[in-house]
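Report on one structure; see the data block that follows.
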Amino acid sequence: MVGLTLGLALAKGGLKVAVADSLPPATAVALEFDGRVSALAYANVRMLQVLGVWTHLAPKAQPIREILVSDGAVGRATSPFSLHFDAQEVGADSLGHIAENRHIRAALHAVAGQEKNLTLVAPAEVRSVTVEGAHVRAQLSDGSEYRARLAIAADGRDSKLRKATGIGIVGWSYPQTGIVATVHHDRPHNGVAYEHFLPSGPFAILPMTDNRSSLVWTEARHKAPAMLALDADAFDAQVAARFGAHLGKTKVVGARWSYPLNFHLARDYVRPRFALAGDCAHGIHPIAGQGLNLGLKDAAALAETVLDAARLGQDIGALDVLKRYERWRRFDSFTLAASTDALNRLFSNDIAPLRQLRDLGLGMVDAIGPLRRLFMRHAGGDIGKLPRLLKGDPA
Ligand SMILES: Cc1cc2nc3c(=O)[nH]c(=O)nc-3n(C[C@H](O)[C@H](O)[C@H](O)COP(=O)(O)OP(=O)(O)OC[C@H]3O[C@@H](n4cnc5c(N)ncnc54)[C@H](O)[C@@H]3O)c2cc1C
């Protein structure tokens with residue numbers, strides 16, 4: 001998702017781009033491959049609009065009108081302190097959109113297919129990237145070779161290209177597993193997203209189209225296999241106990257997915273003629289639904305840095321050009337990664353003094369209007385030095 005978005009931004013800015021993806025296009029858009037959804041921040045939606053991707057995605061995306069955050073435990077009433085974000089309060093129509101990952105990929109593919117400056121080579125794995133003077137050479141698994149001024153790795157958390165370049169990471173695993181499923185419910189969600197902080201981790205209910213919600217259930221790693229192995233009725237009962245009654249009768253539809261959760265930050269984002277973007281550069285806890293948003297912001301910032309250099313006649317692969325991107329994005333990624341890590345540690349337990357402290361925090365943010373609105377701007381990705389694409393302007 002990050003690689004193709006970045007490829008489109010560069011191609012629309014006038015550069016010739018090749019994007020290689022080891023995933024076959026049919027798999028990339030298949031429900032069986034990825035059952036996740038992404039909460040897209042509204043600043044990133046603006047970029048997808050500029051790139052022409054949103055036209056394809058909008059009919060399938062669900063606007064988030066409100067977000068309710070509460071602290072609780074299964075079988076215990078949720079704390080009286082909760083946090084409520086409402087799009088109307090900031091004069092907006094929505095706080096962002098929920099889109100299925102397969103639909104995001106399909107929309108990106110549809111635009112890529114029309115873009116004359118972009119060649120999508122898929123399925124093809126990049127086997128090696130070698131710097132040769134003023135160029136970089138990439139060898140692909142289909143036998144083809146590409147020569148360019150710059151190579152960008154957006155090959156995900158377990159990036160082989162990052163490792164091959166010798167860029168190290170700081171990282172650790174969480175003792176948690178992310179369980180994902182789609183739930184159909186009787187009552188409409190009215191565009192409300194819920195995040196319940198349960199002792200084993202956050203339990204998010206993200207509104208989808210057609211009276212469906214996506215469940216992102218963070219469970220203790222040692223308990224997750226037993227939950228995943230439950231039969232349909234027992235799994236439905238576990239989900240219902242955590243959902244509460246507000247959406248009526250619930251039923252899990254389709255498969256259950258599980259993801260190991262971990263954290264990493266790359267020590268460098270760039271090398272001569274080489275840059276990292278997306279999960280390849282940083283992997284964060286899904287507690288705030290910001291991983292892809294962070295990667296899309298990388299895409300917008302890197303496209304702007306590279307296109308500005310090209311317009312000035314500079315070498316787009318030169319280290320001093322790429323360092324501008326690194327300076328721009330590394331601090332933001334570090335801050336968000338560290339805050340999601342701290343949030344997860346603070347909320348994923350049932351320790352009474354910590355519970356009181358965080359409930360007080362939720363209540364305080366809820367009571368202070370300007371603070372609440374600042375949080376909403378953060379969630380919308382509308383804060384800090386924004387790349388042009390995130391403001392809704394061409395790169
Ligand atoms: C449970 C869960 C819920 C989440 N919810 C949200 C959310 O609500 N909002 C949000 O913003 N984020 C969310 N995230 C995070 C989000 O899914 C990731 O940040 C996002 O997928 C990263 O995108 P990416 O393009 O960088 O990497 P990936 O999605 O991992 O894509 C990497 C691509 O590189 C390709 N590839 C790999 N190696 C090679 C190679 N050698 N050559 C060519 N191609 C290669 C792969 O085929 C793949 O297509 C969630 C994550 C989890 C685990």
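Atoms within a ligand are numbered from 1 in the order they appear, just like the ligands themselves. A quick note: this is a predicted structure, and the numbers were derived from the prediction, not measured.
- At least one side-chain heavy atom of Ile205 sits under 4.5 Å from a side-chain heavy atom of Ser213.
- Considering only non-hydrogen protein atoms, atom 34 (O) of ligand 1 sits nearest to Asp155 CA, 3.4 Å.
- Considering backbone and side-chain atoms together, Val126 places an N or O closer than 3.5 Å to an N or O of ligand 1.
- Seen from the ring of Tyr269, Arg329 does not count as a face-on cation partner, given the 6.0 Å and 45° thresholds.
- Judged by distance alone, the side chain of Arg273 and the main-chain N or O of Val131 form no donor-acceptor pair under 3.5 Å.
- A donor-acceptor distance shorter than 3.5 angstrom exists from the side chain of Arg271 to the backbone of Thr165, with no hydrogens or angles considered.
- With hydrogens and angles ignored, the 3.5 Å screen pairs no side-chain donor or acceptor of Ser144 with any backbone N or O of Leu140.
- Here's the thing with Ala39: one of its N/O atoms is less than 3.5 angstrom from an N/O atom of ligand 1.
- The single protein non-hydrogen atom nearest to atom 47 (O) of ligand 1 is Asp21 OD1, 2.8 Å, given as residue, atom name and distance.
- If you look at Ala41 next to ligand 1, there are no close heavy atoms at all, none under 4.0 Å.
- The hydrophobic cluster containing Leu206 also contains Phe375, counting ILVMFWY residues as joined when their side-chain heavy atoms lie under 4.5 angstrom apart, directly or transitively.
- Protein heavy atoms are absent from the space less than 4.0 angstrom from atom 14 (N) of ligand 1.
- In terms of polar-atom proximity, Tyr259 is not counted as a contact of ligand 1, lacking any N or O under 3.5 Å from an N or O of the ligand.
- The shortest separation from a heavy atom of Gly178 to ligand 1 is not under 4.0 Å, leaving the residue out of contact.
- The nearest protein atom to atom 16 (C) of ligand 1, hydrogens excluded, is given as Leu292 N, 3.9 Å; this is a heavy-atom distance.
- Each of the following atoms of ligand 1 lies closer than 4.0 Å to a heavy atom of Gly156: 27 (O), 30 (O), 32 (C).
- Proximity of Leu161 to ligand 1 is not established, as no heavy-atom distance is less than 4.0 Å.
- Among the atoms of Asp279, some N or O lies under 3.5 angstrom from an N or O of ligand 1.
- Among Gly96, Ser38, Ser159, Ser22, the residue whose heavy atom lies nearest to atom 43 (C) of ligand 1 is Ser22.
- Taken to the nearest 0.5 Å, the OG1 atom of Thr177 stands 8.0 Å off from the CD atom of Glu219.
- Counting the atoms of ligand 1 from 1 in the order shown, those under 4.0 Å from a heavy atom of Glu125 are 40 (C), 41 (N), 42 (N), 43 (C).
- What sits closest to atom 5 (N) of ligand 1 on the protein, heavy atoms only, is Val37 O, 3.9 Å.
- Aromatic rings from Trp54 and Tyr42 are positioned such that their centres are separated by 6.0 Å or more.
- Under a 4.0 Å criterion applied to the non-hydrogen atoms of Gly291, ligand 1 contributes the atoms 10 (C), 11 (O), 12 (N), 15 (C), 19 (O).
- Looking only at side-chain heavy atoms (C-beta outward), Leu389 and Glu304 stay at 4.5 Å or farther from each other.
- Closest approach of Leu322 and Ile316 over heavy atoms only: CD2-O, 3.6 Å.
- Interface atoms of ligand 1 facing Gly278, defined by a heavy-atom separation under 4.0 Å, are 26 (O).
- Inclusion of Pro286 in the set of residues having an N or O under 3.5 Å from an N or O of ligand 1 is not warranted.
- Among the atoms of Gly289, some N or O lies under 3.5 angstrom from an N or O of ligand 1.
- Within the 4.0 Å heavy-atom shell around ligand 1 one finds Met1.
- Arg102 has its side chain out of reach of Thr27: every pair of non-hydrogen atoms, C-beta onward, lies at least 4.5 Å apart.
- Ligand 1 lies less than 4.0 angstrom from a heavy atom belonging to Ala124.
- The two atoms that bring Asp155 and Leu161 nearest to each other are OD2-N, 3.2 Å, heavy atoms only.
- Only the side chain of Arg36 comes within 4.0 Å of ligand 1, judged by heavy-atom distances.
- Annotation: cation-pi pair Arg221/Tyr174 absent, no NZ/CZ under 6.0 Å from the ring centroid and within 45° of its normal.
- The shortest N or O to N or O distance between Arg105 and ligand 1 is not below 3.5 Å.
- Using a 4.5 Å heavy-atom cutoff, the side chains of Leu319 and Val270 are in contact.
- Side chain of Asn211 to backbone of His185: a donor-acceptor contact under 3.5 angstrom is found.
- Ligand 1 places these atoms under 4.0 Å from at least one heavy atom of Val2: 23 (O), 24 (P), 25 (O), 26 (O).
- Close placement of the Tyr194 and His246 rings is indicated, their centers lying within 6.0 Å of each other.
- Checked against a 3.5 angstrom limit, the closest N/O atoms of Val216 and ligand 1 fall outside it.
- Contact atoms of ligand 1 toward Val180: 1 (C) (distance under 4.0 Å to a heavy atom of the residue).
- Only the backbone of Ala154 comes within contact range of ligand 1, with a heavy atom under 4.0 Å; no side-chain atom does.
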